[in-house]
2 protein chains.
Amino acid sequence: MKCSMSQEGTLLSSGHPAETRPPDVYSAACPTRQLLDRVADKWTTLVLTLLRDEPMRFNALRRRVEGVSQKMLSQTVRQLERDGLVTRTVTPTVPVSVSYALTPLGGTLVDALQAMIDWAEDNMAEVSKAQTAYDERRLG
Amino acid sequence: MKCSMSQEGTLLSSGHPAETRPPDVYSAACPTRQLLDRVADKWTTLVLTLLRDEPMRFNALRRRVEGVSQKMLSQTVRQLERDGLVTRTVTPTVPVSVSYALTPLGGTLVDALQAMIDWAEDNMAEVSKAQTAYDERRLG
DNA sequence: CAGTATCCAGAGTGATACTG
DNA sequence: CAGTATCACTCTGGATACTG
């Protein structure tokens with residue numbers, strides 16, 4: 001995929017006026033990059049992978065995603081709904097209940113994200129070892 | 001590595017009981033979650049995928065990753081080196097030159113990240129459509 | 001060239017209180 | 001239950017200047 005824009009120039013430092021480069025993911029204004037920023041969000045990843053298994057209600061998500069605030073979860077699910085990645089279903093029970101579920105589009109994204117999580121689970125130990133080695137080299 | 005998937009009973013919002021129970025990815029204190037946070041970082045993703053193709057020098061990366069500041073790039077590559085994902089090679093030329101390259105461990109991570117980028121490139125259009133539809137539903 | 005140090009504006013986030 | 005609104009605060013991250 002190719003983005004066809006040139007850079008905005010507004011956010012660049014003074015010394016380098018806009019240069020013409022093949023525009024791709026690494027360009028700031030590319031929509032793909034914007035999407036990547038969103039997708040790489042911490043809560044987004046966790047919420048989406050939770051919903052892979054089953055639809056969940058708001059407070060169920062909140063309990064499961066430890067450390068998320070009401071505000072951030074609310075923000076996250078609204079964003080996901082806007083992006084067409086999850087559906088929001090309101091059931092008019094006595095206290096209203098709201099359920100969130102993956103859309104097919106969201107499902108395809110979860111697969112990519114899961115690869116990332118799997119990597120983290122598989123390689124955490126090795127990374128920790130590298131960190132320790134690095135720190136000892138610096139301090140010792 | 002897999003953190004235990006036990007459901008946490010006590011969810012104190014303010015505390016950081018890092019050493020009590022082994023939680024899963026969705027728990028705040030799990031090392032896997034910490035790693036995921038790092039990996040999901042914006043610049044990390046871009047730098048790592050750039051290095052997949054070839055080793056690059058500092059300013060080459062800087063030019064390529066549009067919008068990154070010197071400070072953030074410096075921070076990012078140092079972190080990546082500490083995590084054992086990239087190597088930092090100093091060549092004592094006249095002005096010193098520093099080259100960064102992926103380690104084998106870093107290479108395995110890039111594959112997972114690339115899946116995420118591919119998804120973004122493939123589905124950007126559909127997401128944009130969903131966003132527009134959502135916004136029109138709200139305003140119209 | 002490849003950084004480090006400093007300053008500081010503002011986005012992101014949590015706590016709290018309130019609503020349907 | 002499922003949010004929204006408001007405020008206070010942290011902490012990222014950009015701009016700038018300096019160093020080896």
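This structure is a prediction, so every number in the text was calculated from the model and none was measured.
- The side-chain hydrogen bond (donor to acceptor under 3.5 Å, both in side chains) test applied to A:T108 returns B:W119, not counting sequence neighbours.
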Using a cutoff of under 3.5 Å, can you pull out all pairs of nitrogen or oxygen atoms linking the protein to nucleotides 3-6 of chain C, with atom names and distances?
| unit_1 | atom_1 | unit_2 | atom_2 | d |
| --- | --- | --- | --- | --- |
| C:dG3 | OP1 | B:R88 | NE | 3.3 |
| C:dG3 | OP1 | B:R88 | NH2 | 2.6 |
| C:dG3 | OP1 | B:Y100 | OH | 3.4 |
| C:dG3 | OP2 | B:Y100 | OH | 2.5 |
| C:dG3 | N7 | B:Q70 | NE2 | 2.6 |
| C:dT4 | OP2 | B:S74 | OG | 2.7 |
| C:dT4 | OP2 | B:R78 | NH2 | 3.2 |

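- Contacts classified as salt bridge (Lys or Arg N to Asp or Glu O under 4.0 Å) and involving residues 94-107 of chain A (residues at least two apart or in different chains) are not found.
- Candidate nucleotides D:dC1, D:dG14, C:dA2 were compared by shortest atom distance to the side chain of B:W43, and D:dG14 ranks first.
- Scanning for side-chain hydrogen bond (donor to acceptor under 3.5 Å, both in side chains) contacts around A:T49 gives B:Y26, with sequence neighbours left out.
- One can place CE of A:M56 at 15 Å from C1' of D:dA2, the figure rounded to the nearest angstrom.
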Just list the side-chain donor-acceptor pairs under 3.5 Å for residues 70-77 of chain B, sequence neighbours left out, or say none.
| unit_1 | atom_1 | unit_2 | atom_2 | d |
| --- | --- | --- | --- | --- |
| B:T76 | OG1 | B:M72 | O | 2.7 |

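- The distance between atom CG of A:L73 and atom C1' of C:dG12, rounded to the nearest whole Å, is 16 Å.
- As rounded to whole Å, 18 Å separates atom P of D:dT16 from atom CE of B:M72.
- Side-chain contact check for A:R62 versus A:N59: some heavy-atom pair is nearer than 4.5 Å.
- Residues that satisfy the salt bridge (charged side-chain N to carboxylate O under 4.0 Å, His left out) test with A:R52, not counting sequence neighbours, are A:D111.
- Distances shown here put a side-chain N or O of A:R57 below 4.0 Å from the OP1 or OP2 atom of D:dA2.
- Counting only residues at least two apart or on different chains, the salt bridge (Lys or Arg N to Asp or Glu O under 4.0 Å) pairs with a member in residues 83-102 of chain A are A:R38-A:D83.
- The nearest whole Å value for the distance from the CZ atom in A:R62 to the C1' atom in C:dA15 is 11 Å.
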Pairs under 3.5 Å (Watson-Crick or G-U), crossing ones as [ ], inter-strand ones as |: DNA chain D comes out as ||||||||||||||||||||
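- Remark: B:D135 pairs with A:R82 by the salt bridge (charged side-chain N to carboxylate O under 4.0 Å, His left out) rule, at least two apart or across chains.
- When rounded to the nearest whole Å, the span between CD of A:E66 and P of C:dG14 equals 13 Å.
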